[in-house]
Engineer: 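The following block contains the structure, expressed as structure tokens.
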Number of protein chains: 2
Amino acid sequence: MSGHSPTTHLLERLSRLIQNEAHASGLKPVQWEILRFLRLANRFSRTPSAVTAYLNLTKGTVSQSLNALETKQLVTKEPVAGDRRRLTLALTAAGQEMLAGDPMDALDAAARSVEAARGEDLSGGLRAVLSDLLRRRGGRAFGVCRTCRHYRPEPGVAGQARCALLNEALTPADSEAICVEHDG
Amino acid sequence: MSGHSPTTHLLERLSRLIQNEAHASGLKPVQWEILRFLRLANRFSRTPSAVTAYLNLTKGTVSQSLNALETKQLVTKEPVAGDRRRLTLALTAAGQEMLAGDPMDALDAAARSVEAARGEDLSGGLRAVLSDLLRRRGGRAFGVCRTCRHYRPEPGVAGQARCALLNEALTPADSEAICVEHDG
DNA sequence: TTTTAAATGTATCGAGTCGATACTTTTAGA
DNA sequence: TCTAAAAGTATCGACTCGATACATTTAAAA
């Protein structure tokens with residue numbers, strides 16, 4: 001009959017707050033999350049199916065949300081050479097501009113200032129909670145390229161690397177991006 | 001162009017996960033949150049307007065969601081003696097039963113096990129982030145009765161107390177419940 | 001090579017969310 | 001008393017999101 005642990009309760013309230021902030025800012029929560037994902041994902045991962053897997057939505061929801069974002073001129077879809085089923089997504093200039101007014105920046109500022117004031121890093125504990133939860137659900141972790149087992153640093157050239165799975169050269173920026181293929 | 005801090009990013013992902021879990025479990029996210037609030041709120045705070053303030057929704061949304069919960073027989077509405085504008089909400093037995101299958105229990109288990117394993121309490125940091133954010137927005141903190149400045153412990157009788165604002169006796173259970181009037 | 005299965009994305013339906021706005025009734029305050 | 005504030009309801013519109021059905025393209029098996 002009593003409720004959840006203090007930490008769970010706070011995560012619930014923060015989640016609600018995040019929804020509120022997103023709603024009160026032009027776009028819908030899912031639309032914001034798609035824009036944020038596209039900012040972070042590498043070029044192999046900017047596809048509808050990667051968005052679907054990352055946000056754990058259905059293909060239908062993602063398809064509709066992408067249509068809405070395309071209509072607002074925040075995202076473009078382009079066919080992929082070599083596989084005519086696939087699309088590559090990209091943020092337009094307006095999409096990047098929109099992210100400059102991301103309502104989540106307020107939470108980011110709060111988190112940074114709290115962590116600075118307390119000299120405490122919350123990310124380790126939260127990461128453990130997230131991966132525990134994802135493991136229970138069988139979901140993927142979606143890590144950053146550089147931490148993948150297919151990541152091969154180019155010997156000699158600092159920052160340069162190669163993906164052994166896709167056999168593609170990786171720029172330093174690629175290495176820090178989220179990849180659908182991560183670890184797999 | 002780059003994203004948010006690791007902590008913010010993790011809070012975003014956990015928020016999405018919480019939405020997913022809620023959606024995949026019979027009720028909608030807001031409906032779950034209303035049930036959870038009613039479990040935690042004291043008798044002065046189980047009203048539509050308290051729900052509205054706590055979840056930062058509009059009166060319309062809350063009214064509709066409560067109708068849905070009433071139709072599902074999870075919540076009842078009763079008039080308040082002395083003020084015919086007000087309603088008191090209550091969980092039915094079915095509503096309490098429903099909370100026994102709360103999808104958020106999975107996150108709660110994850111949070112508890114992570115905190116136990118790491119010997120770390122995430123709640124302090126999260127509470128600071130939440131109150132920082134609420135302060136920026138001018139929202140109320142909605143604390144627990146016992147921590148309110150109108151809380152008056154009954155001298156001599158352990159656990160017994162009194163609310164100096166509403167002039168009501170408080171049981172030990174009341175003292176641990178969320179109150180709309182908190183601090184005000 | 002042909003057939004089958006899997007993958008990618010779209011279209012449509014229905015219940016629900018949620019801000020906005022307008023409204024009624026009741027209570028409190030000048 | 002008259003007015004303003006408070007508590008809830010009703011309705012509209014854009015969007016969410018699971019479910020289902022569908023078309024197309026690619027890969028894998030026979």
Side-chain angles (χ1 to χ4, degrees), chain A residues 15-35 44-72 74-89 103 180-181 184, chain B residues 15-35 44-72 74-89 103 180-181 184:
Chain A
S15 173
R16 161 79 2 224
L17 217 52
I18 288 171
Q19 296 300 307
N20 290 154
E21 296 283 348
H23 262 294
S25 313
L27 298 182
K28 300 294 170 178
V30 171
Q31 299 175 352
W32 278 115
E33 298 192 64
I34 292 175
L35 292 188
F44 319 119
S45 306
R46 288 193 292 266
T47 69
S49 61
V51 172
T52 301
Y54 188 77
L55 299 181
N56 194 38
L57 299 171
T58 59
K59 292 186 295 182
T61 298
V62 170
S63 181
Q64 276 179 271
S65 299
L66 287 172
N67 280 341
L69 289 172
E70 197 180 22
T71 301
K72 291 174 203 279
L74 302 175
V75 162
T76 58
K77 299 178 191 169
E78 298 217 357
V80 165
D83 189 339
R84 281 189 283 184
R85 292 173 303 183
R86 273 183 231 205
L87 294 175
T88 295
L89 305 170
V180 243
E181 306 288 354
Chain B
S15 173
R16 161 75 10 218
L17 217 53
I18 287 171
Q19 296 300 306
N20 291 154
E21 296 284 348
H23 263 294
S25 311
L27 298 182
K28 299 295 170 175
V30 170
Q31 299 175 352
W32 277 116
E33 297 191 66
I34 291 175
L35 292 188
F44 318 119
S45 306
R46 289 193 291 267
T47 68
S49 60
V51 172
T52 301
Y54 188 76
L55 299 181
N56 195 38
L57 299 171
T58 60
K59 291 188 294 181
T61 298
V62 170
S63 182
Q64 276 180 267
S65 300
L66 287 172
N67 280 341
L69 290 171
E70 197 179 24
T71 300
K72 292 174 204 277
L74 302 174
V75 162
T76 57
K77 298 178 191 170
E78 299 216 357
V80 166
D83 189 339
R84 280 190 284 184
R85 292 172 304 179
R86 273 181 232 209
L87 294 176
T88 294
L89 306 170
V180 243
E181 307 289 354

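On a predicted model such as this, the values are computed, not experimentally measured, just so you know. In what follows, chains carry the letters A, B, and so on, assigned in the order in which the sequence lines appear, proteins first and then strands, with residues in each chain numbered from 1.
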Engineer: Taking atom CD of B:Gln19 and atom CG of A:Leu55, what is their separation to the nearest 0.5 Å?
Structural biologist: 12.0 Å
Engineer: Starting from P on C:dC18, measure out to CG on B:Leu55 and report it in whole angstrom.
Structural biologist: 9 Å
Engineer: C:dG19, C:dT10, D:dT16: which one has an atom nearest the side-chain heavy atoms of B:Thr58?
Structural biologist: C:dG19
Engineer: If each of A:Lys77 and A:Lys28 is mapped to the nucleotide of DNA chain C with the nearest heavy atom, which maps nearer the 5' terminus, i.e. the 5' end?
Structural biologist: A:Lys77
Engineer: Check every strand shown and say whether B:Thr52 touches a base, only sugar-phosphate, or nothing at a heavy-atom separation below 4.0 Å.
Structural biologist: nothing
Engineer: DNA chain D: A:Gln64 or B:Leu66, which has the more 5' nearest nucleotide?
Structural biologist: B:Leu66
Engineer: Hey, is CD on A:Glu78 packed in by over 12 heavy atoms from elsewhere, all under 6.0 Å?
Structural biologist: no
Engineer: Find which nucleotide of DNA chain C each of A:Arg16 and A:Asn67 is nearest to by heavy atoms, and output the residue with the more 5' nucleotide.
Structural biologist: A:Asn67
Engineer: Does A:Ser63 put a side-chain nitrogen or oxygen below 4.0 Å from OP1 or OP2 of C:dA11?
Structural biologist: no
Engineer: Determine whether a donor-acceptor pair (N or O, by modelled atom type, separation under 3.5 Å) exists between the side chain of B:Ser65 and the backbone of B:Thr61.
Structural biologist: yes
Engineer: To the nearest 0.5 Å, what is the distance between CD1 (B:Ile34) and NZ (B:Lys28)?
Structural biologist: 14.0 Å
Engineer: Between C1' on D:dC15 and CH2 on A:Trp32, what's the gap in Å once rounded to a whole number?
Structural biologist: 16 Å
Engineer: Side chain of B:Leu57, heavy atoms from C-beta onward: which of D:dG18, C:dC18, C:dG16 has the nearest atom to it?
Structural biologist: C:dC18
Engineer: Check whether any side-chain nitrogen or oxygen of A:Lys59 sits under 4.0 Å from OP1 or OP2 of C:dT12, and answer yes or no.
Structural biologist: no
Engineer: Please tell me which of the listed nucleotides, C:dT10, D:dG8, C:dG19, lies nearest to the side chain of B:Arg86?
Structural biologist: D:dG8
Engineer: Using a cutoff of under 3.5 Å, can you pull out all pairs of nitrogen or oxygen atoms linking the protein to nucleotides 24-30 of chain C, with atom names and distances?
Structural biologist:
unit_1, atom_1, unit_2, atom_2, d
C:dT27, OP1, B:Arg84, N, 2.6

Engineer: In whole Å, what is the span from the CD atom of B:Glu33 to the P atom of C:dT17?
Structural biologist: 11 Å
Engineer: According to a strict under-4.0 Å criterion, is A:Ser49 in side-chain N/O contact with OP1 or OP2 of C:dG9?
Structural biologist: yes
Engineer: At under 4.0 Å, does any side-chain N or O of A:Gln19 touch on OP1 or OP2 of D:dT16?
Structural biologist: no
Engineer: Do the side chains of A:Leu69 and A:Leu89 get nearer than 4.5 Å, heavy atoms only?
Structural biologist: no
Engineer: Roughly, in whole Å, what's the span from CG in B:Asn56 to P in C:dG19?
Structural biologist: 8 Å
